[in-house]
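Single-structure report; data block below.
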Amino acid sequence: MLKACRQQRRALLSSAVVNIKKSSGKTASDRDDLLTYVERDCEFIKRQIEIINPDVVLCGGTWPLVQPLWPDARRIYDRVWAVQSKHFIDLYHPAALYPHYVGYYALACLLHNSAFENN
């Protein structure tokens, strides 16, 4: 049990969230507004991803907006793209009104199936 806790702790400490834009407390962000921030901050967004160097990047429904930042991305599964050793998964935003277990199983399914597609 202790080993599992250490693994979970390590996984959480090696995770990060990179927001395209803060919504200033609003419940939703407008697509055109987000696109403005992507265009303005594109180098900063890419640099954050490079520094964090994650294996998986979850895009909360924003992959179509940031995809031009990674022109060499190749689609390996439904809603999953690979860029070198990174996987970008375009799943709905965590604040979406779905039960958390739906997001968990959707993500697990995408990760599992994309691993098979990529090999």
Side-chain angles (χ1 to χ4, degrees):
M1 184 68 142
L2 191 56
K3 182 178 178 185
C5 289
R6 280 194 300 262
Q7 290 172 330
Q8 291 169 351
R9 179 178 164 78
R10 189 168 44 248
L12 288 172
L13 290 174
S14 64
S15 301
V17 174
V18 177
N19 281 320
I20 293 174
K21 164 193 178 276
K22 300 291 186 202
S23 65
S24 301
K26 295 188 288 182
T27 57
S29 294
D30 177 86
R31 183 192 183 286
D32 292 334
D33 192 31
L34 286 175
L35 188 56
T36 299
Y37 282 89
V38 169
E39 291 169 350
R40 186 191 74 189
D41 298 333
C42 61
E43 292 305 315
F44 181 66
I45 293 167
K46 282 186 74 167
R47 185 70 184 128
Q48 282 184 305
I49 300 293
E50 289 171 10
I51 290 169
I52 297 167
N53 196 26
D55 295 324
V56 176
V57 177
L58 295 179
C59 303
T62 59
W63 175 250
L65 302 175
V66 298
Q67 185 176 11
L69 303 181
W70 290 276
D72 58 335
R74 58 185 168 63
R75 185 174 181 260
I76 59 169
Y77 193 72
D78 183 37
R79 305 181 74 84
V80 182
W81 288 262
V83 178
Q84 298 164 358
S85 64
K86 293 173 186 28
H87 287 80
F88 287 78
I89 299 176
D90 196 29
L91 204 55
Y92 55 83
H93 193 279
L97 299 176
Y98 296 105
H100 291 293
Y101 69 87
V102 172
Y104 170 80
Y105 286 113
L107 178 58
C109 179
L110 288 172
L111 288 170
H112 176 77
N113 289 333
S114 65
F116 285 111
E117 290 288 323
N118 202 27
N119 291 326

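- Atom CD of Q84 sits in a sparse spot, with 12 or fewer heavy atoms from other residues, nucleotides or ligands closer than 6.0 Å.
- Both V80 and V56 sit in one connected hydrophobic cluster of ILVMFWY residues. Membership requires side-chain heavy atoms under 4.5 Å apart, directly or through other members.
- Minimum interatomic distance between P64 and G61 (heavy atoms only, all atoms of both residues): CD-O, 4.1 Å.
- Among all heavy-atom pairs drawn from V57 and P54, the shortest one is CG2-CG, 3.6 Å.
- Between D90 and W81 the shortest side-chain heavy-atom distance falls below 4.5 Å.
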* To do: Could you please spell out the steps behind the salt bridge (charged side-chain N to carboxylate O under 4.0 Å, His left out) verdict for K46 and E43?
  => CA-CA 5 Å; K46 282 186 74 167; E43 292 305 315; 5.5 Å; no
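- Of all non-hydrogen atoms in R74 and I76, the two that sit nearest each other are NH1-CG2, 2.9 Å.
- Taking CG from N53 and CD from Q48, the interatomic distance works out to 13.5 Å, rounded to the nearest 0.5 Å.
- Under the 4.5 Å side-chain criterion, counting only non-hydrogen atoms from C-beta, C59 is not in contact with L65.
- D41 places no side-chain N or O within donor-acceptor distance of the main-chain N or O of F44, the cut-off being under 3.5 Å.
- Under the rule for a ring-ring contact (aromatic ring centres under 6.0 Å, His included), the partners of W70 that lie at least two apart in sequence or sit in another chain are F88.
- A 4.5 Å side-chain heavy-atom check between I49 and K86 finds at least one atom pair inside the cut-off.
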